[in-house]
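Here is the structure we will look at.
Chain letters run A, B, ... following the sequence lines, proteins first, then strands; residues in each count from 1. Atom set for the values below is all heavy atoms of this structure, side chains included, hydrogens, waters and symmetry mates excluded.
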Protein chains: 2
Amino acid sequence: MRSKTQTDGAARIGIHKVASHARVSIATVSRTINHVPTVNPVLAARVWKSVAELNYVPNTQARALVSGKSKLFGLIISEITNPFFPELIQEFERAAVARGYEILIGSTNYEPEKMELCARRMLERNVDGVAIMTFGFEESLLDRFAGEDIPVVFIDVTPRHPRSSNLQVDYRAGIYEGVQHLAVLGHRKIGFISGPLRLGSAETRKLAFLDCLRCAGIKPQSAWLVEGDHTLDGGRDAMQRILQLPEWPTAIMCSNDMTAIGVQHALFEADLKVPADFSLIGFDDIHLAEYTIPPLTTVRMSCKDLAQGAVTSLLANMESTQSRFETRSKINTRLIVRQTTGLPKMSSAI
Amino acid sequence: MRSKTQTDGAARIGIHKVASHARVSIATVSRTINHVPTVNPVLAARVWKSVAELNYVPNTQARALVSGKSKLFGLIISEITNPFFPELIQEFERAAVARGYEILIGSTNYEPEKMELCARRMLERNVDGVAIMTFGFEESLLDRFAGEDIPVVFIDVTPRHPRSSNLQVDYRAGIYEGVQHLAVLGHRKIGFISGPLRLGSAETRKLAFLDCLRCAGIKPQSAWLVEGDHTLDGGRDAMQRILQLPEWPTAIMCSNDMTAIGVQHALFEADLKVPADFSLIGFDDIHLAEYTIPPLTTVRMSCKDLAQGAVTSLLANMESTQSRFETRSKINTRLIVRQTTGLPKMSSAI
DNA sequence: TCCTGGATGGTAAACGTTTTCCAAACTATG
DNA sequence: CATAGTTTGGAAAACGTTTACCATCCAGGA
């Protein structure tokens, strides 16, 4: 109970005060601000006037408590420090806020225990849905949400759970364009720096690359397939490892743009030039890709489509009373040619 | 009211069920999970066991409603797309979550109306405190929060409001080091690309630069003081404007790193070399600064200090019963020399 | 043995909404 | 003019907690 008369300066005003100020009942105020059509326009006007005068702001927690809907979406990402995710967050937030939802962000930093913590945080706050945009997959996590009947949306993975949907990214199309582009330029020795392979999507990208290579009639060299971790440092380290190999590829494709930027840096340190010594292709097309030196040729994956797709399927899954499976939508990718690709270096050309 | 028996698979279990499962009263459960010391250890053990078995998760909204504390901090930033802010968010989140707080992010994108919207969102969610890390200042915003007696923390600006504190960044120290560094190399013609000047902090940085220039005995040239907007595009455009000038500076300082990366790009497009043709210094020292080509010399401002300082003073301000003013703390800056600075170009040297 | 007091558990009110159900008032029809 | 039907407003319950207050129980002192 609150002590005495609550001497705090501005005790938060509630629907109650608005009602008495507008000389109507509490119910009328509630109906007015929720736009129930049957309210008498005269009373409604009085209510809105009082709302404005008293600077009334509805208390979302009380609302959530009674309605059972928190109007909150969880957004779980890998790493907020990778510019791809802020771009994704921005679009996700835009889509969510437009529909009256707030968003709760959790970054896993690729650590399973942080993932668990994120899930718990979201459960406590009673999120109405969760978008797992981490390009990886934690079975345990999913169970928690499924147990509470909370809609979940994933990228790539197709879990067999109620109220979950997934966004299918067509990695192959963009990667195929990239490989073709390199092949046309004359490259036959193409390396690939993947993301952390325990991430399902990273594996998928690598497999798509391998497949595209085969389509182009190129035999993949396992030494040129190195695992990175989708960070700047990881890209740099991976490239340094490649540079220690007895034979070098003439072109490198990367699992994301941050990796590619790391590669550019490793090449800079080794006094090698892009695209003269190495051609380079990234993935994601973050805004920064246009600003690297030289500007990065990369495969664009629209994070706007991703974000909007996620919000849309979350919403759809909430509305449907019955638990349904697999609301799939496809996300396209395509090559954006800039200046990190060119003819292969003579000494290494076929 | 809920319909009939709520046929939803797993109706959220509450403290009530835990109580009956552990054969104690709900009060005992509440006290146990809130670690009230007077609970009989035997009962406490039973409670914890039930909590684990039933997978009970407390409902934060109900908690918030009765306690009046939402355990939620608002974090208002300019633009999530600028990598400085994700780094800040990461630190802020870390500090907040460690203390049991959740964070609500709002980006203003420099638009006043979005600022207003953010404030309203935070008010609705009943945040316990707001960190305005937007390096700008909106009087109206502040009033809203002050009216509800919500603690606020700012950067730089020193508003005269109850329950607000501010973090004072010592821009001058780092900028001074930067100017000295350039002066020692022989630069006398130094330009500055500022942030949007209606942002208080951007103005402050520019003033600090001007002051440092004077200390180094250099007369500022107003043509070389151009306004950017703290984005990549803004930096590029600003540099392009400078390149159209009849006389060029030999070095450029930027109000943030994104601007500097934009400048590098403009220079690349104009086939000018850094640092051969222009020396360049950024500000912030985002992680990416180490990875530009060539790596960017920049002034480091610790966003960890910033974030932790913000959380700490928010917390301090909440605990103090009386409204108090000005919990100041100082944030240091210092120059990190990398490879974008060198001797001035001969033709322009003094 | 009885009473007092300290510990500890239980009951119920309160937080600020939404929403169901009912009552009242008005409209239209016979 | 009366009655049925249709709006529209109001009272009260419910959401899941915390916590003030009260009841109970046990130990120790008189």
Legend entry - Contact check, side chains of B/N34 and B/R63, non-hydrogen atoms, under 4.5 Å: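 Side chain of B/N34 against side chain of B/R63, heavy atoms only: contact under 4.5 Å found.
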Legend entry - Residue pair A/N126 / A/L72, side-chain heavy-atom distance below 4.5 Å: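 No, too far: nothing below the 4.5 Å cut-off.
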Inset, instruction - Would you mind classifying the nucleic acid contact of A/I26 as base, sugar-phosphate or nothing, using non-hydrogen atoms under 4.0 angstrom? - result: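 Base contact.
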Inset, instruction - Answer with base, sugar-phosphate or nothing: what part of the nucleic acid does B/S67 contact at a heavy-atom distance below 4.0 Å? - result: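 Answer is nothing: B/S67 stays at 4.0 Å or more from every strand.
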In whole angstrom, give the distance that lies between atom [atom1] of [X] and atom [atom2] of [N].
| X | N | atom1 | atom2 | result |
| --- | --- | --- | --- | --- |
| B/R23 | C/dG10 | CZ | C1' | 16 Å |
| A/I33 | C/dT19 | CD1 | P | 11 Å |
| A/K71 | C/dT18 | NZ | C1' | 14 Å |
| A/Q61 | D/dC15 | CD | C1' | 13 Å |
| A/R46 | D/dT8 | CZ | P | 15 Å |
| B/I15 | C/dA12 | CD1 | P | 16 Å |
| B/N59 | D/dA14 | CG | P | 18 Å |
| A/R63 | C/dC15 | CZ | C1' | 16 Å |

Give a yes/no answer on whether the side chain of [X] brings an N or O atom under 4.0 Å of OP1 or OP2 in [N].
| X | N | answer |
| --- | --- | --- |
| B/Y56 | D/dG16 | no |
| B/T28 | C/dG9 | no |
| B/N34 | D/dT18 | yes |

Legend entry - Residue B/A27, side-chain heavy atoms: nucleotide from C/dT18, D/dG9, C/dT11 that is nearest: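 Selected nucleotide (nearest to the side chain): C/dT11.
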Inset, instruction - Looking only at side-chain atoms of A/N40, point me to the closest of C/dG9, D/dC15, D/dT8. - result: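 Looking only at heavy atoms from C-beta outward on A/N40, the closest nucleotide is D/dT8.
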Inset, instruction - Return the orientation label for the B/F73 and B/F92 ring planes: parallel under 30°, perpendicular over 60°, tilted otherwise. - result: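 It falls in the perpendicular class, over 60°.
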Legend entry - No-H, no-angle donor-acceptor pair, A/R31 side chain to D/dG9 base, under 3.5 Å: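 Side chain to base: pair found, below 3.5 Å.
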Legend entry - Within 6.0 Å of NZ in B/K114, more than 12 heavy atoms from elsewhere: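 Yes, NZ of B/K114 has more than 12 neighbouring heavy atoms, counting only those of other groups under 6.0 Å.
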Legend entry - Sole candidate of A/S201, A/S107, A/S78 that passes side chain to side chain donor-acceptor pair (under 3.5 Å) when paired with A/T134: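 Going through the options one by one, the only one that passes is A/S78.
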